[in-house]
Amino acid sequence: MTLEAPTTTDPTQDGTADTITVLDPVTGDVASETRRASAAEVSAAVARARSAATGWARTAPGQRGALLRAAAEHLREHADELAALNTRETGKVPGDALGGVEAGIGTLMQYAELGPVHRGEALRGNHGAADFAIPHARGVVLALTPWNDPVAVALGIIGAAIVTGNTVVHKGSERCPATAALLNRLLAEALPEGVLVGVDGDATTGEQLLAEDGIAVYAHVGSTATGDRLAEAALRTRAHVIRENGGNDALVVDADVDLVWAADQAALGAFANTGQICTSVERVYVHRDAADDFTAALVVAADRKTAADASTYGPLVDERLRAMVQHHVDDAVAKGARVLTGGSVPDGAGTFYPATVLTDCTDDMLVLTEETFGPIAPIRVVEDLEEGLRLAAEDRYGLAATVLTGDTATALRAAAELPVGTVKVNAVFGGAPGGSAEPRGASGSGFGYGPHLLDEMTTTTVVHLEAAPRRTDRPVAPSTPVDTATAGSADTDTATAEGVR
């Protein structure tokens, strides 16, 4: 089992570094060529992070936050460059690519503030005794991040790891290796040596990283197959695993909502970023009383999306993904589904695929049982909300789900019964700025973002403290007089960084 198949590579027989070539999904031309790290370079990268780990963990939290803030500002100066490279490698539309960079920078700034105030707990025991918990950095974090939002996702993991005192080895996806390499270089320029070490590579590189000793955390966003591979490796290394993996998110549509609005919500959820979002709408369950009008409105919304220019509707990342999307559509048609719009590979350069609406879908079709990760909206008509919620819950994934309803009782029931990390009511995307969520089932485990990720990145020591009886058979040495003119001067920088006042 490999971490992810390379896009295009020229492997050598002796294990030395080779080149990963990525094609521009808009034009088909070469977008980037990135040198893959050799096995020796992989080991050296982990060694650098391990060497820096103790010193970084001992750095005052306020200083770590200040350095992370400086790194965010350094990235801000190169935001346009990062976004343009992301667009060239993955086809992400320019506005979304820049928005992803800005979101990642905002996440770094958030963690720069949250990290220094990340605290343990205290309990009062017997009189004269106390218990308190101290968070400690875990050590070296291996961050394996995806291509569909490569900057924002990577910076979330990296920021939380660094501000809590861990060092990081980061490998981005081989589908956008140049974007990951630029991000790593810019971060490393703003941080002390070894705090962030980038590794360029593909699936082979990922396997080499999992074979390395001394890594305390595997943090991964990507496919379920890769997440399972990390969990297997952790059985040997005992690394803590944080993973947000595949999803097959359901949208349940009640009959009591505005159906044009509901169709627009479905189109946003299914077609944004050409369906290449972890929490995209992958399957639609609509009440029979609303099905005809909702379906007609969704076809209109899909056609409008496909007709948009390349600034708002981009291609799929590569031919490999497009072939899988088409396979899912063909499977549905072979089993009785009807294509109302889209559903076939268009002529022309690049890896574009139209926004597609399928109806007459049944529960045995791949578009309902597996994550398609493309612009497909498969509609399954249900007799009532009872059936819709039941089918939405009957899935091996557990990332997120959305319910569109005007009934508060239905919304509360969905929140109570859907076995997913996030239940969204009347909005397919959105959430509070400091939110955290924990996926379930095949979608992963652990809090992968938000304030709770700081807890995932640390381990806790509980201290039980009691006073010791003092000896009475020896004199107590007099205390050394304090020079008030110099007292505390050695700690001035630390105190300032910690915000002591």
Distance-only side-chain donor-acceptor flag, Thr107 / Tyr449, under 3.5 Å
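No.
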For a quick check under 3.5 Å, do Glu89 and Ser32 share a side-chain donor-acceptor pair by atom type?
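Short answer, yes.
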Beyond-backbone contact of [X] with [Y], side-chain heavy atoms, under 4.5 angstrom:
X	Y	answer
Glu370	Arg396	yes
Leu230	Leu210	yes
Ile379	Val357	yes
Pro192	Leu67	yes
Asp363	Thr369	no
Thr312	Val93	no
Glu41	Arg35	yes
Arg36	Thr204	yes

Shortest non-hydrogen separation from [X] to [Y] and the atoms involved:
X	Y	answer
Gly314	Thr274	O-OG1, 2.9 Å
Val168	Ala143	CG1-CB, 4.1 Å
Ala239	Ile215	CB-O, 3.7 Å
Ala392	Ala250	CB-CB, 3.7 Å

Side chain [X], main chain [Y], donor-acceptor under 3.5 Å:
X	Y	value
Ser443	Gly246	yes
Ser280	Gly275	yes
Asn184	Ala180	yes
Thr356	Gly343	yes

Does Asn86 form a side chain to side chain contact (heavy atoms under 4.5 Å, CB included) with Val101? I'd like the steps, not just the answer.
CA-CA 9 Å; Asn86 182 6; Val101 175; 5.7 Å; no
Do the charged groups of [X] and [Y] touch, with an N to O distance under 4.0 Å?
X	Y	answer
Glu207	Arg229	yes
Asp213	Arg50	no
Glu73	Arg69	no

With a sphere of 6.0 Å drawn around CZ of Arg238, does it hold more than 12 non-hydrogen atoms of other residues, nucleotides or ligands?
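No, CZ of Arg238 has 12 or fewer neighbouring heavy atoms, counting only those of other groups under 6.0 Å.
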If you count every heavy atom of other residues, nucleotides or ligands that lies below 6.0 Å from Arg185 atom CZ, does the total exceed 12?
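Atom CZ in Arg185 is crowded, with more than 12 foreign heavy atoms closer than 6.0 Å.
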Approximate separation, where rounding is to 0.5 Å, of Asp96 CG and Asn148 CG:
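It comes to 11.5 Å.
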Could you walk me through whether Asp200 and Thr34 satisfy the side chain to side chain donor-acceptor pair (under 3.5 Å) test, starting with their C-alpha distance in whole Å, then the side-chain angles of each, then the deciding distance to 0.1 Å, before giving a yes or no?
CA-CA 7 Å; Asp200 302 325; Thr34 305; over 6 Å; no
Under 30°, 30 to 60°, or over 60°: which ring-plane class applies to Trp147 and Phe373, parallel, tilted or perpendicular?
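Perpendicular.
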Leu23 and side-chain contact (heavy atoms from CB on, under 4.5 Å): which partner among Asp318, Val30, Asp29?
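In the set Asp318, Val30, Asp29, the residue that makes a side-chain contact (heavy atoms from CB on, under 4.5 Å) with Leu23 is Val30.
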